[in-house]
Amino acid sequence: MNISKTNLPRVVIIGGGFGGISLAKKLLKEKVQTVLIDKHNYHTFQPLLYQVSTSGLEPDSIAYPLRKIIRASDRGYFRMAEVTKIDPEKKIIESNIGELTYDYLVIATGSKTNFFGNESIEKNGMWMKTVPHALNIRSLILENLEQAVITKDPKKRKALLNFVIAGAGPTGVELSGAIAELRNHIVSKDYPDLDPSEMEIHLVEGMDRVLPPMSEKSSRKAAKFLEELGVQLHLNTQVKSYDGNLVLTNTSKNFETQTFIWSAGVTGAPVQGLKASALIEKANRYEVNSFNQINGYDTIFAIGDIAVMESEEYPKGHPMVAQPAIQQGKHLAKNIHNILGNKKLEPFGYFDKGTMATVGRNRAVVDLGKFNFGGFFAWFVWMFVHLWFLIGFRNRLVTFFNWVYNYVNYDKAARLIIRPFKENQKQSKSDKAL
């Protein structure tokens, strides 16, 4: 990998997500050689991917070059590579660009879409974990609208204007709300020869309410907001298959659609090489102790979505969202500092900063401890928090400008088919592990 040899301890971080960059920023100040590895040369702010897919933002608003983070220290290195295997005995990682030795290894590979073994959905559906995925969805939505304008077949037009989202977690709720606003404010202006009422948005959820991870009060408010926007909710409904045209469910309700988006779950994205006992098979995530050490390994750590740290408060591990990853990354940097100084390791303690989801313009819900609120103030809080955690001043400025423009003009500025979507360009096997 052409990494210079050094007498300093080498810490290799696999993954440039929230956990990986949080750790890297802190380690760059330590007397260690830090090597950050990722398949892409940028960090993606995943909470706003849905806005890229619905034309609200361009990708460069939510992506940040990883080299701009690493260049803060002459002891930091970045390599764009895919790690294929770990050899813990030799302390070597193998990748598509070569091998590299490590003194300490941190796995921060995050999660990937979970299809629960449903091959038809994996083959024919759309999902959203990366910027290319979001651009595929954006192109598909716009191309289907273009096709709907010119088709004379009512049945085909109905399928083109049917949008079905499976999974009513934060991603599904935010995505369906954004598509509804696209219909309510944009379609009649851009497509005067289309009747917006023909465009239907269906949100399908296997449980009995939307936003299952959040409080029942927030769930009820979110459902009310979605219905006000014209989103049709289908609760206690599970998607069984999708053949590219027809969504079959476990009820009598099926959907003919050319746009089916799967947002019903995620699973860990582990790396081969560690012993089977280190991995919780059902979750596909590494079991770690309170210091984020993978069970059975003193010098290999895992943070963020890929890690399961069981505790009395979190028996199934911390929620797979940004905050645990960020906090674990910062805390692990302190513990690596303690290791190098022969000091005692400190156990990780998670500070829950709350959960939130936006449903659309002036509509959001927030759970903050025992407090739950929704509406305009919750929406304002949601915007402030997401702007705050965006990486880079330019990203914050561009995103803020776009939000102000969209709010004042009821418009979305990124309705461009830059990458035409084609059937054979759906997520390839290499994309599935991103």
Asn2 CG: over 12 foreign heavy atoms closer than 6.0 Å: no
Residue pairs involving residues 64-80 (criterion side chain to side chain donor-acceptor pair (under 3.5 Å); sequence neighbours excluded): Ser4-Tyr77
Close side-chain approach of His234 to Thr249, heavy-atom, < 4.5 Å: no
Selection residues 342-370 - residue pairs positive for ring-ring contact (aromatic ring centres under 6.0 Å, His included), sequence neighbours left out: Tyr314-Tyr350, His318-Phe348, His318-Tyr350, His331-Phe348
Partner residues of Asn250 under the side-chain hydrogen bond (donor to acceptor under 3.5 Å, both in side chains) criterion, sequence neighbours left out: none
Residues in ring pair (Phe, Tyr, Trp, His ring centres under 6.0 Å) contact with Trp403, at least two apart in sequence or another chain: Trp382
Residue pair Asp305 / Thr109, side-chain heavy-atom distance below 4.5 Å: no
Side chain proximity check, Ile97 to Glu82, heavy atoms < 4.5 angstrom: no
Heavy-atom check, side chain of Leu397 versus side chain of Arg394, under 4.5 Å: no
Lys90/Glu99 salt bridge by N-O under 4.0 Å criterion: no
Pairs touching residues 3-34 that satisfy ring-ring contact (aromatic ring centres under 6.0 Å, His included), sequence neighbours left out: Phe18-His43, Phe18-Phe45
Ring-ring centroid check Trp379 Phe384, cutoff 6.0 Å: no
Min side-chain heavy-atom separation Val385-Lys353 under 4.5 Å: no
Residues in side-chain hydrogen bond (donor to acceptor under 3.5 Å, both in side chains) contact with Glu205, at least two apart in sequence or another chain: none
Stepwise ring-ring contact (aromatic ring centres under 6.0 Å, His included) check, Trp262 with Tyr242: CA-CA 10 Å; Trp262 179 261; Tyr242 176 59; over 10 Å; no
